[in-house]
Amino acid sequence: MSKITAAITAVGGYVPEYVLTNKILETMVETNDEWITSRTGIKERRILKEDGKGTSYLAIKAAEDLIQKKGLDPKEIDLVIVCTATPDMKAAATAAYTATQIGAVNAFSYDLEAACSSFLFGMSTATAYIEAGRYKKILLIGADKNSSFINYKDRATCIIFGDGAGAVLFEPNEEGLGLQDELLRSNGEGRDFLQATYGGSSYPINKDTFNEGKHYVFQDGKTVFKNAVFNMADVAEKIMKRNDLTNDDIAWLAAHQANKRIIDATANRIELEEDKVMMNIQRYGNTTSATLPLLLFDYESQLKKGDKIIFAAFGGGFTWGSIYLKWAYNS
Ligand SMILES: CC(C)(COP(=O)(O)OP(=O)(O)OC[C@H]1O[C@@H](n2cnc3c(N)ncnc32)[C@H](O)[C@@H]1OP(=O)(O)O)[C@@H](O)C(=O)NCCC(=O)NCCS
């Protein structure tokens, strides 16, 4: 009997309507369009503005888009995983609310958090269940409302992040398509360089820390940049080598959209031409857990059955990794 592999069989996505352009940011902090574009590649990002709407709002919209496009009966979904660094609230899984709202009444659900690597690690989790034969339909969603913990007075972070969500369906495949290999890593020494210090269990928020804005995300951009460039390129190169893949074999690089220069450095290391590098950072900025599924959402019509895709991500923690996947359908 041939081994069951786990393949992506549908994609959905959603970004909020409000567009925060570099021009608008120029009126909020001391920055300019030229600096942001040349240093990051970002021109605009989407922000979920409405009060009371959290990450689940984005996740539900992306999931509904997938369900409608695929013609999927949500009652058939076995498991809903919401990958997110910005859950709606503590002690109540965003995934549980999302699953119920989309009608996935026969599914169980939970959140998965590994900062900007959440979705990549979620791909590993979802495929492992399917390869083991435990479940047949897993909805994997990457969703983040980064605007909920960004300080819009801090020019080092507010220019980078945006809100959004993407969703994929994983199902068993008998043609050997889907996930082929993974190389996932983490190093806790990196957490000093990218974190929202207050508001978690180590340091709950109090009036003073709130007034000082210590619940917002902070990053040492240069250190994060260096580690992201080195590690993303390293794992992408290693996974290609151990699967005997050359740049000619690869149809696409789907890299976490943190900074165009980081993506370009990864593509250069594996000697991949520009037209094989998925890129939408200019429109959405860094949407944390949503970058990889939003790439698939934007590029779905160009993907062909059998295309070999290298995924790569890097995030807070530090966390990083690469996945090699064969695309399973023509849309
Ligand atoms: C944040 C980032 C774009 C900054 O770019 P950089 O080239 O490292 O810039 P630096 O932080 O060294 O700052 C260079 C100068 O620009 C200034 N600067 C910083 N942000 C600025 C902004 N938004 N507009 C204008 N100037 C800015 C700095 O104050 C500094 O000025 P100085 O030389 O007078 O001190 C870059 O470090 C980065 O992308 N890091 C990774 C971030 C990331 O991906 N995080 C998520 C990980 S998943």
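Both ligands and their constituent atoms are indexed starting at 1 by order of listing. On a predicted model such as this, the values are computed, not experimentally measured, just so you know.
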- Task: Could you tell me whether some N/O pair between His256 and ligand 1 is separated by less than 3.5 angstrom?
- Result: no
- Item | Nearest-contact summary for atom 29 (O) of ligand 1 - protein heavy atom, Å | Arg155 NH2, 2.8 Å
- Task: Examine the proximity of ligand 1 to Ile159 and report which part, side chain or backbone, both or neither, has a heavy atom under 4.0 Å away.
- Result: side chain
- Note on the structure: Near Ile160 (heavy-atom distance under 4.0 Å), the atoms of ligand 1 are 1 (C)
- Item | Shortest protein contact, atom 6 (P) of ligand 1 (heavy atom only) | Arg39 NH1, 3.6 Å
- Take the angle between the ring planes of Tyr129 and Tyr135 and call it parallel below 30°, perpendicular above 60°, tilted in between. perpendicular
- Message: What's the separation between atom OG in Ser38 and atom CG in Asn32, rounded to the nearest 0.5 Å?
- Response: 8.0 Å
- Note on the structure: Numbered in order shown, the ligand 1 atoms found under 4.0 Å of a heavy atom of Asn259 are 3 (C), 38 (C), 39 (O)
- Can you list the atoms of ligand 1 that are under 4.0 Å from a heavy atom of Arg261? 5 (O), 7 (O)
- Task: Could you grab the distance from atom CD1 of Ile138 to atom CD1 of Ile130, nearest 0.5 Å is fine?
- Result: 4.0 Å
- Among non-hydrogen protein atoms, atom 42 (C) of ligand 1 lies closest to Gln219 OE1, 3.3 Å
- Does any donor atom in the side chain of Asp111 or Thr84 lie under 3.5 Å from an acceptor atom in the other side chain? no
- Nitrogen or oxygen of Gly221 less than 3.5 angstrom from that of ligand 1: yes
- Note on the structure: One finds that the ligand 1 atoms under 4.0 Å from a non-hydrogen atom of Glu30 are 24 (N), 25 (C)
- Query: How does Val29 reach ligand 1, if at all, at less than 4.0 Å between non-hydrogen atoms: by side chain, backbone, both, or neither?
  - Reply: neither
- Query: Do the rings of Phe318 and Phe193 sit parallel, tilted or perpendicular, given the 30° and 60° boundaries?
  - Reply: parallel
- Query: To which protein heavy atom is atom 12 (O) of ligand 1 closest, and what is the distance rounded to 0.1 Å?
  - Reply: Lys222 NZ, 2.6 Å
- Should Asn32 be counted as touching ligand 1, given the test is an N or O pair under 3.5 Å? no
